[in-house]
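Only one structure is covered here, and it is reproduced in the block below.
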Amino acid sequence: MDTINTRLVRITGDGEKDGAILSEAAEILRRGGLVAFPTETVYGLGASAYFPGAAKKVYEAKGRPSDNPLIVHVSRPGEAEDFAVTCPLYYKLAERFMPGPLTVILPKKDVIDPSVTGGLDTVAVRCPSNGIARALIAAAGCPVAAPSANRSGSPSPTKASHVMDDLSGRIDMVIDGGECAIGVESTVIALDPDGGCTILRPGAVTAEMLDGVTRGASVPEGVTDPAKVGDKPRSPGMKYKHYSPAAEVIPATGDLDKFISMVESDPEEKKGVIAAETVRDRFSCTVLTAGERDDDLTYCHSLYDLLREADRLGLRRVYIRLPHRDGGYLALYNRLIRASGGKMTKL
Ligand code: AMP
Ligand code: MG
């Protein structure tokens, strides 16, 4: 792949300067170029969903398998009418959760190039709440197909520097809008014929929250268990190893004392652990910590940065205790199972 000059531009809060940056970025998108931008979940790598061949460039820049479809981003939920077949449940969900970290799978219309959806006859729709993302999509005047702005398989980017580390020289522009608030990707759901929904990827919009709006949210096995050989997943992304640093990630269930013994007894010198600040003193190896607070929101916010930090420090193995699967912890659980390639340890 030829190297291109990737411009890194910062949104500063100065209306005039920011407006000029967004107009320029929108123009790049309209002409079929690639722009990485912040969202409330992770940084996205945007391309026009209408420009022929733009999606192909996204797959190339990321090194992503072309059967793994892209999410199409809109600045208002109603814009989905242009390219998807909506329904009353979509609008009910939109009223409650959009703009926000929810992606809904709908039947697609022909205007969307098959390369955007990996050849599927459905399309994933999301309306981000991040103001920069929404302003960019509105300025582009077209839906924006955007996967996470990382090299395929590596931890998703939650800072502009992560995007530059992975994609500098491969894309036209990176808009730096600071750290992503949530830090893990959106909840992806399929709508079921009975008025319920199926969670294909857990995120900040939880099953409990969806239960209140749909006739029940179900979580298929593939979300919490490693994919088995021969399985045909409902969402192509479920079958790939994902979110992984070069270091081996070892999630473990069980109580804290057993976990500490396991980590301490590993003879690997370049090992580390992701843990709360409050238990730092109980490990003799490198401790990567999200801070004092030990909750789902804190861990989700910092997880990918910590996994990238493990690589920067040259660690070969990183241990982390698996959380339970309720509420916002399900997203964390799912990412850790994927990042480890399914190698979880039961203590
Ligand atoms: P990413 O682009 O990295 O956020 O990943 C997008 C996720 O959405 C992947 O797991 C895809 O498999 C999933 N996805 C996108 N479009 C569809 C679709 N039409 N049907 C099912 N899953 C989808
Ligand atoms: Mg991704």
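When a ligand or atom number is given, it counts from 1 through the structure's own listing order.
Not a single heavy atom of Thr117 sits closer than 4.0 Å to an atom of ligand 1.
Residue Ser148 approaches ligand 1 through these ligand atoms, each under 4.0 Å from one of its heavy atoms: 1 (P), 2 (O), 3 (O). Less than 4.0 angstrom separates some heavy atom of Leu120 from each of these atoms of ligand 1: 18 (C), 19 (N), 20 (N). Taking a cut-off of under 4.0 Å to the non-hydrogen atoms of Asn68, the atoms of ligand 1 that pass are 9 (C), 11 (C), 12 (O). Taking every non-hydrogen atom of Arg64 and a distance limit under 4.0 Å, the qualifying atoms of ligand 1 come out as 1 (P), 2 (O), 3 (O), 5 (O), 6 (C).
Salt bridge status for Arg10 with Asp176: present, with a side-chain N to carboxylate O gap under 4.0 Å. Salt bridge status for Arg282 with Glu264: absent, with no side-chain N to carboxylate O gap under 4.0 Å. The pair Asp266-Arg317 meets the salt-bridge criterion, with a side-chain N (NZ, NE, NH1 or NH2) lying under 4.0 Å from an Asp/Glu carboxylate O.
Every pair passing side-chain hydrogen bond (donor to acceptor under 3.5 Å, both in side chains) that includes a residue from residues 323-332 is listed here, sequence neighbours excluded: Arg325-Tyr333.
A donor-acceptor contact shorter than 3.5 Å is absent between the side chain of Lys109 and the backbone of Asp82.
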- Message: Go through it in stages, so that I can follow the logic: the residues are Thr103 and Ser186, the test is side-chain hydrogen bond (donor to acceptor under 3.5 Å, both in side chains), and I'd like the CA-CA distance, side-chain angles, deciding distance and then a yes or no.
- Response: CA-CA 6 Å; Thr103 297; Ser186 61; 2.8 Å; yes
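Across Ala145, Pro69, Gly118, Ala84, heavy-atom proximity to atom 17 (C) of ligand 1 is greatest for Pro69. In the candidate list Lys62, Arg201, Glu185, Arg126, Arg201 is nearest to atom 4 (O) of ligand 1, counting heavy atoms.
A search for side-chain contact (heavy atoms from CB on, under 4.5 Å) contacts involving Phe51 returns Ser48, Ala54, not counting sequence neighbours.
No more than 12 heavy atoms of other residues, nucleotides or ligands shown are found within 6.0 angstrom of CG on Asp110.
Heavy atoms of Thr122 found under 4.0 angstrom from ligand 1 belong to the backbone as well as the side chain.
Here 1 is the count of protein N, O or S atoms positioned under 2.8 Å from the Mg ion (ligand 2), waters not counted.
Tested against Leu306, the residues Thr289, Ile274, Ile320 include a single side chain to side chain contact (heavy atoms under 4.5 Å, CB included) partner, Ile274.
Listed by chain and number, the hydrophobic cluster partners of Leu136 are Val9, Ile11, Ile21, Leu22, Ile28, Leu29, Val35, Phe37, Ile132, Ile137, Val144, Met173, Ile175, where partners are ILVMFWY side chains within reach of under 4.5 Å, directly or through others.
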